[in-house]
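Only heavy atoms go into these numbers, but all of them, side chains included; no hydrogens, no water, no symmetry mates.
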Amino acid sequence: MSGSVLWLASPVHTKALAIPSSRWGRRSNCRISSSVSVSATLVATAGPRSYESYEAMVYEVVLKQAALTRKERTNRGVLDESVPLSWDLLSDAYERCGEVCAEYAKTFYLGTLLMTPERRKAIWAIYVWCRRTDELVDGPNASHITPTALDRWEKRLDDLFKGRPYDMYDAALSDTITKFPVDIQPFKDMIEGMRLDLKKSRYQNFDELYLYCYYVAGTVGLMSVPVMGIAPDSKASTESVYNAALALGIANQLTNILRDVGEDARRGRIYLPLDELAQAGLTEDDIFAGKVTDKWRNFIKDQIKRTRMFYDAAEQGIFELNPQSRWPVLASSLLYRQILDSIEANDYNNFTKRAYVSKAKKLLSLPVAYAKATLGIKSS
Ligand SMILES: CC(C)=CCC/C(C)=C/CC/C(C)=C/CC/C(C)=C/[C@@H]1[C@@H](COP(=O)(O)OP(=O)(O)O)[C@]1(C)CC/C=C(\C)CC/C=C(\C)CCC=C(C)C
Ligand SMILES: [Mn+2]
């Protein structure tokens with residue numbers, strides 16, 4: 001990781017299932033345990049001070065993003081440097097983003113069709129940038145990706161935010177940021193997550209895992225809210241909506257992690273809090289052995305419980321979004337959440353059985369989400 005490094009104390013969560021934040025309604029028995037280095041990006045965002053947890057640092061990013069939206073900040077100071085694109089080129093660029101989105105995320109793409117054309121195009125552009133970033137470390141060329149390549153990708157990001165896109169997809173995002181108060185920080189933080197992934201394959205506690213989940217998925221929530229918009233009649237604070245967006249990203253990523261335990265272990269990676277693993281009487285070798293025991297079932301039950309708490313925290317916020325933006329978010333949240341049900345149905349064998357949501361269930365989720373979103377039905 002480049003830049004300065006700040007040392008801080010990270011809390012031990014004596015109650016394994018706690019979501020580590022006073023914002024989630026509790027902060028239990030934090031004890032100072034160990035020192036860990038903090039990302040330069042977050043230090044740059046949050047300033048040179050120490051935090052009791054990574055989660056507290058991420059919260060500062062949330063506050064900053066919410067403040068930017070509240071003031072309806074414009075990125076426009078930079079526009080003088082930009083090369084204007086013809087309307088034809090731009091609409092082509094957005095169309096291609098839509099095609100990529102439809103190809104990789106069909107259900108989500110369908111949902112975006114309900115949004116206003118401006119919003120839908122902007123979400124496609126953000127989606128494509130995120131997908132391309134993820135492909136760098138997860139795609140076919142992933143083994144060739146180095147920190148230098150990520151630095152180059154970040155330089156490209158800086159340029160497109162200054163109105164100097166490299167290609168069509170970048171041009172769409174470059175245009176999007178002139179129309180919506182989207183800030184560069186969550187994009188930079190996602191790249192930081194990819195850097196982290198290149199060098200880290202173990203997470204000592206949930207706070208470390210939380211930071212990773214923020215980088216690669218919570219950031220998506222923060223990028224999306226300025227485009228999706230908050231309902232004009234919403235009484236919720238801007239911060240609470242951003243918190244919900246962050247929570248949904250974290251919930252999605254934790255779900256991915258629980259689904260992919262076996263696959264990740266085969267790549268030598270463990271995205272689970274090692275301290276909680278030890279508390280459950282399990283070791284890394286148990287994961288590599290891939291045996292479903294009662295200890296494992298109990299451990300995964302606890303991880304699922306916490307993940308559902310993040311979904312619950314997110315759901316409230318979905319109803320504060322602009323009405324046309326609610327459906328795709330709710331649909332994707334319902335769909336993703338069902339992966340957890342599937343892990344349970346597989347009797348917690350996430351080593352060799354892939355948890356998935358059947359086509360029929362996916363199809364059923366769409367009208368359910370639509371009804372909930374339009375009638376404002378929140379889960380009990
Ligand atoms: C409606 C909606 C879901 C909008 C988000 C659109 C968008 C910009 C998505 C980008 C997703 C993406 C490509 C992220 C790159 C990193 C990554 C792959 C993260 C994982 C996604 C799942 O993808 P997949 O299953 O393909 O994973 P694999 O690569 O196969 O492992 C993530 C788990 C992150 C997804 C995170 C979100 C979709 C955030 C959702 C939050 C919001 C849209 C905010 C909603 C607002 C409120 C107030 C709740
Ligand atoms: Mn991926």
Decide yes or no for Thr255 and Arg308: does some side-chain heavy atom of the first lie under 4.5 Å from some side-chain heavy atom of the second? no

Using the rule given for salt bridge (charged side-chain N to carboxylate O under 4.0 Å, His left out), can you reason through Asp170 versus Arg132, listing the C-alpha separation, both sets of side-chain angles and the distance that settles it, and then say yes or no? CA-CA 11 Å; Asp170 283 359; Arg132 291 173 99 186; 3.5 Å; yes

According to a 4.5 Å side-chain heavy-atom criterion applied to Ile, Leu, Val, Met, Phe, Trp and Tyr, with indirect links allowed, do Val225 and Leu114 form part of one hydrophobic cluster? no

Look up atom OG in Ser91 and atom NZ in Lys121, then write down how far apart they are to the nearest 0.5 Å. 7.0 Å

Rounded at 0.5 Å granularity, tell me how far OH in Tyr215 sits from CG in Leu211. 4.5 Å

In plain terms, say whether Asp341 and Lys361 are close enough for a salt bridge, that is, a side-chain N and a carboxylate O under 4.0 Å apart. no

State, with a plain yes or no, whether a side-chain heavy atom of Phe299 is found less than 4.5 Å away from one of Tyr348. no

Going by the salt bridge (charged side-chain N to carboxylate O under 4.0 Å, His left out) test, which pairs reach into residues 90-103, not counting sequence neighbours? none

Taking side chain as C-beta onward, heavy atoms only, is Leu274 less than 4.5 Å from Tyr203? no

Cationic N near anionic O, under 4.0 Å, Arg195 to Asp151: yes

Could you work out, with side chain to side chain donor-acceptor pair (under 3.5 Å) as the rule, every residue matching Arg266, not counting sequence neighbours? none

Verify whether one side chain among Tyr271 and Asn256 offers a donor that lies under 3.5 Å from an acceptor in the other. no

Basic-acidic side-chain contact under 4.0 Å: Lys301, Asp294: no

Just do the salt bridge (charged side-chain N to carboxylate O under 4.0 Å, His left out) check on Lys155 and Asp158 with the steps written out, would you? CA-CA 5 Å; Lys155 165 83 173 70; Asp158 282 325; over 6 Å; no

Does Tyr336 belong to the same Ile/Leu/Val/Met/Phe/Trp/Tyr cluster as Val368, with side-chain heavy atoms less than 4.5 Å apart forming each link? no

Identify whether the distance between the nearest side-chain nitrogen and carboxylate oxygen of Lys64 and Asp183 falls below 4.0 Å. yes

Common cluster, Ile230/Leu63, ILVMFWY with side-chain heavy-atom separation under 4.5 Å: yes

If the threshold is 4.0 Å, N to carboxylate O, is there a salt bridge linking Lys353 and Asp347? no

Note, Ile257 side chain near Cys213 side chain (heavy atom, < 4.5 Å): yes

Does the pair Ser201 and Ile270 meet the rule for a side chain to side chain contact (heavy atoms under 4.5 Å, CB included), with working shown? CA-CA 6 Å; Ser201 60; Ile270 301 178; over 6 Å; no

Measure the spacing between CD1 of Ile300 and CG of Asn350 and express it to the nearest 0.5 Å. 4.5 Å

Would you call Glu208-Lys200 a salt bridge at under 4.0 Å N-O? yes

Could you tell me if Tyr94 and Asp175 have a donor-acceptor pair between their side chains, going purely by distance under 3.5 Å? yes

Is there a side chain to side chain donor-acceptor pair (under 3.5 Å) between Asp275 and Gln279? Walk through the geometry before answering. CA-CA 6 Å; Asp275 60 348; Gln279 277 163 30; 4.7 Å; no

Between Tyr214 and Tyr54, is the ring-ring contact (aromatic ring centres under 6.0 Å, His included) condition met? List the steps. CA-CA 10 Å; Tyr214 159 70; Tyr54 288 119; over 10 Å; no

Taking Lys188 first and then Glu154, would you say they form a salt bridge - that is, a charged N and a carboxylate O separated by under 4.0 Å? yes

Whether the Glu320 and Ser240 side chains hold a donor-acceptor pair (N or O, under 3.5 Å, no angle test) is what I'd like checked. no

Note: Asp286-Lys291 ion pair, threshold 4.0 Å (strictly below): no

Considering non-hydrogen atoms only, spot the tightest contact between Ala66 and Thr238 and give its length. O-CG2, 3.6 Å

Do the ring planes of Trp129 and Trp153 sit parallel (below 30°), tilted (30 to 60°) or perpendicular (above 60°)? parallel

Where do Gln338 and Ser365 come nearest, in terms of heavy atoms and distance? NE2-OG, 2.8 Å

Would you sort out whether Ile123 and Phe180 count as a side chain to side chain contact (heavy atoms under 4.5 Å, CB included), showing the intermediate values? CA-CA 11 Å; Ile123 285 290; Phe180 295 94; over 6 Å; no

Tell me every residue that passes side chain to side chain donor-acceptor pair (under 3.5 Å) with Tyr127, counting only those two or more places apart in sequence or in another chain. Arg131

Verify side chain to side chain contact (heavy atoms under 4.5 Å, CB included) between Trp124 and Val100, making sure each step is shown before the conclusion. CA-CA 8 Å; Trp124 292 344; Val100 173; over 6 Å; no

Around atom OH of Tyr356, are there more than 12 heavy atoms from other residues, nucleotides or ligands closer than 6.0 Å? no

Closest approach of Phe206 and Leu254, non-hydrogen atoms and distance? CE1-CD2, 4.0 Å

Minimal heavy-atom distance between Leu90 and Ala171, with the atoms involved, is CD2-O, 3.9 Å

pair Leu198-Pro147: side-chain heavy atoms closer than 4.5 Å: yes

Would you name the heavy atoms of Arg120 and Leu113 that are closest together and state the gap between them? NH2-O, 3.2 Å

Side chains of Asn349 and Thr352, donor plus acceptor under 3.5 Å: yes

Going through the distances and angles, do Ile287 and Leu282 end up as a side chain to side chain contact (heavy atoms under 4.5 Å, CB included)? CA-CA 8 Å; Ile287 293 186; Leu282 293 158; over 6 Å; no

Decide whether Asn243 and Glu239 meet the rule of one side-chain donor and one side-chain acceptor closer than 3.5 Å. no

Residue pair Cys130 / Met190: nearest heavy atoms and the distance that separates them: SG-CE, 3.7 Å

Over 12 foreign heavy atoms within 6.0 Å of OH, Tyr370: no

Got a donor-acceptor contact below 3.5 angstrom from the Arg259 side chain to the Ala355 backbone? no

Main chain of Leu160, side chain of Ser174: is a donor-acceptor contact present, judged purely on distance under 3.5 Å? yes

Linked, directly or transitively: Val61 and Leu157 (ILVMFWY side chains, under 4.5 Å): yes

Tell me whether Glu192 is salt-bridged to Lys199, with the criterion being a basic N under 4.0 Å from an acidic carboxylate O. no

Under 4.0 Å between a side-chain nitrogen and a carboxylate oxygen: does that hold for Asp159 and Arg156? no

Check the surroundings of atom OH in Tyr166: do more than 12 heavy atoms from other residues, nucleotides or ligands lie under 6.0 Å from it? yes

Whether the side chain of Asn205 engages the backbone of Pro273 through a donor-acceptor N/O pair (distance < 3.5 Å, no angle test) should be reported. no

Shared hydrophobic cluster, Leu366 / Phe319 (ILVMFWY, side-chain heavy atoms < 4.5 Å): no

Taking the side chain as every heavy atom from C-beta outward, state whether Phe108 and Leu335 have any pair of such atoms under 4.5 Å apart. no

As an exercise, state the distance from CG of Leu196 to CG of Leu150, rounded to the nearest 0.5 Å. 11.5 Å

